[in-house]
Number of protein chains: 2
Amino acid sequence: MSYTVSEENYIKRIYHLQQETGLVNTNSLAAEMQTRAASVTDMLKKLKTKKLLQYEKYKGFKLNEAGKKAALDVVRKHRLWEYFLVEKLQFDWDKVHAIAEELEHISSEELVQRLDNFLGNPSFDPHGDPIPDRNGKIPVINQQNLGTIPLKKIVTVSSVGNQSAEMLDMLKHYHIALGTPISVLKRFEFDGSLEIKVLHRNACIISEQVAKNVFVHDVQ
Amino acid sequence: MSYTVSEENYIKRIYHLQQETGLVNTNSLAAEMQTRAASVTDMLKKLKTKKLLQYEKYKGFKLNEAGKKAALDVVRKHRLWEYFLVEKLQFDWDKVHAIAEELEHISSEELVQRLDNFLGNPSFDPHGDPIPDRNGKIPVINQQNLGTIPLKKIVTVSSVGNQSAEMLDMLKHYHIALGTPISVLKRFEFDGSLEIKVLHRNACIISEQVAKNVFVHDVQ
DNA sequence: AATAAAATTTAGACAAATCTAAAAATATTA
DNA sequence: TAATATTTTTAGATTTGTCTAAATTTTATT
């Protein structure tokens, strides 16, 4: 089965929203898609007809198994292309999202598989997000956000929650990238900000909001 | 200026047709695009409004300078992606056309320039067609079809005229690829077929139709 | 529970790109 | 050159994805 660009975009967004909230509602999807609630309703009818969606009028909706697999196919393509753009074409990681949004809709199955092999079958994209395999299986990693790590413990940055250009720009400024060794020196109770130490850098302070979006795992 | 996928496809086809015939007419473009003459007329009006086309009703049409530049941008992307698919992803050269038809519409200028650099700024695509540079300048090469080459002279295959999957499949069977050294041993006047010798292969016979689509240049 | 507010859906419209059928213009030929 | 054939354009319809405004349903509040 293949889908239009618009269908794929809706499917992908619904997938991400239902990861957080279970059932998805019309207005939140409209906000994510930067469109109107009426347009969402129109598309929901189409996706239900194509048997990708559990949906009852006024009751919310979520992808069924077929819908989730379709979403994971798009997510897989998006993240493989992001990996390509950063690792092969040397793009900065905060510049690749929009381009990957276009590339993810290229339809050839064989292209995706060859790209995957060419890249060395990576498990995580440049933002640390897991890349589903061709069957939709997602690699797991034990990670916590920086705010929960014991003081002085050295850990490795594994992914970033908020992936806005603004956030990625800020992390670049702090010299925080995937794989960066990092430790928390002090927690300020006043506003939850943290004094941190990045390898080879002076200690500095990050806000609680930043800390919650930096995910880390134990050093291997 | 950026264009829709449909506009880009029309622009590209008009470019190729006008290379052969100067002025292009509605029916031949409709045939190339596998659409109806009425649809072509509709698009011609749009392209004229966007000042890409010299067009007078019933009189035929051709791209102006802006139109040609737009066409060359698409051709450049198409050929760079074909090069990528064959040289990096190891696709057979007869399998890449359809995928490149999708990739050529990805819009990022920076992507194209980085891809070009990543590939080593190639001058010719896997079918031997020249790749325009970012300014639309096309590399030239002195080439003739196999039918016009003196007997026994060893030349190098530089490009292929007819790029249908059928033709490319046939050339694969003859072990003719770009860069293959080749010579003509005998010309049969009866039907114009040629006995040829491909390096490391037994002599064999190709039809006049094949010969006319195999372009060669002098060995460097 | 009645009413107000919020969320969602329906109805009807629009733009892009296509189509069919018919009309108009041009080209061919007897 | 008049009749015929071919090519091209116009007129109007269709599909996809979107929109606005109004109607409906659900949820929250007094």
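For the numbers below, each heavy atom of this structure counts, side chains included, while hydrogens, waters and symmetry mates do not. Each chain gets a letter, A, B and so on, in the order the sequences are listed, and its residues count up from 1.
When the P atom of D/dT15 is taken as reference, atom CD of A/E7 falls 16 Å away, rounded to whole Å. For the pair A/L53 CG and C/dT8 P, the interatomic distance rounds to 14 Å; values are reported in whole Å. Going from atom CZ of B/R36 over to atom C1' of C/dA22 covers 15 Å, rounded to whole Å. Going from atom CG of B/L44 over to atom P of C/dT18 covers 12 Å, rounded to whole Å. Here C/dT18 presents its P atom at 11 Å from CG of B/L29, a figure rounded to the nearest Å. Computed from coordinates, the A/Q34 CD to D/dT18 P distance equals 13 Å when rounded to whole Å. Spacing between atom NZ of A/K59 and atom C1' of D/dT27 amounts to 13 Å, rounded to whole angstrom units. Atom CD in A/E56 sits roughly 15 Å away from atom P in D/dT25 (whole-Å rounding).
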Are there any protein N/O atoms within less than 3.5 Å of an N/O atom in nucleotides 10-16 of chain C, and if so, which ones and at what distance?
| residue | atom | partner | partner atom | Å |
| --- | --- | --- | --- | --- |
| C/dT10 | OP1 | A/K57 | NZ | 2.6 |
| C/dT10 | OP2 | A/K45 | NZ | 2.9 |

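Figure legend: cation-pi geometry between A/K88 and B/F84 absent, as NZ or CZ is not positioned both under 6.0 Å from the six-membered ring centre and within 45° of its axis.
A sub-4.0 Å separation between OP1 or OP2 of C/dA6 and a side-chain N or O of A/N27 is absent. The shortest distance between the side-chain N/O atoms of A/N25 and the OP1/OP2 oxygens of C/dT8 is below 4.0 Å.
The stretch residues 13-22 of chain A has no heavy atom under 4.0 Å from DNA chain D, so no residue of it qualifies as close.
Across all strands, A/Y10 comes closer than 4.0 Å only to sugar-phosphate atoms, never to a base (heavy-atom distances). Nucleic acid contact class of B/S6 (heavy atoms, under 4.0 Å, all strands): sugar-phosphate only. Heavy atoms of B/S39 sit under 4.0 angstrom from at least one base atom.
Listed here is the closest heavy atom pair of A/F124 and A/P139: CZ-CB, 4.3 Å.
Enclosure of atom CG in B/N142 is not indicated, since only 12 or fewer non-hydrogen atoms of other residues, nucleotides or ligands lie within 6.0 angstrom.
At a threshold of 4.5 Å between non-hydrogen side-chain atoms, the residues B/F91 and A/R114 count as touching. Between A/F215 and A/L146, the closest side-chain pair of non-hydrogen atoms is not below 4.5 Å. Using a 4.5 Å heavy-atom threshold, the side chains of A/V210 and A/L171 count as touching.
No side-chain donor-acceptor contact under 3.5 Å links A/S193 and A/E208. Side-chain atoms of A/H78 and A/E82 include a donor-acceptor pair closer than 3.5 Å.
With salt bridges taken as basic N to acidic carboxylate O contacts below 4.0 Å, none links A/E104 and A/R76.
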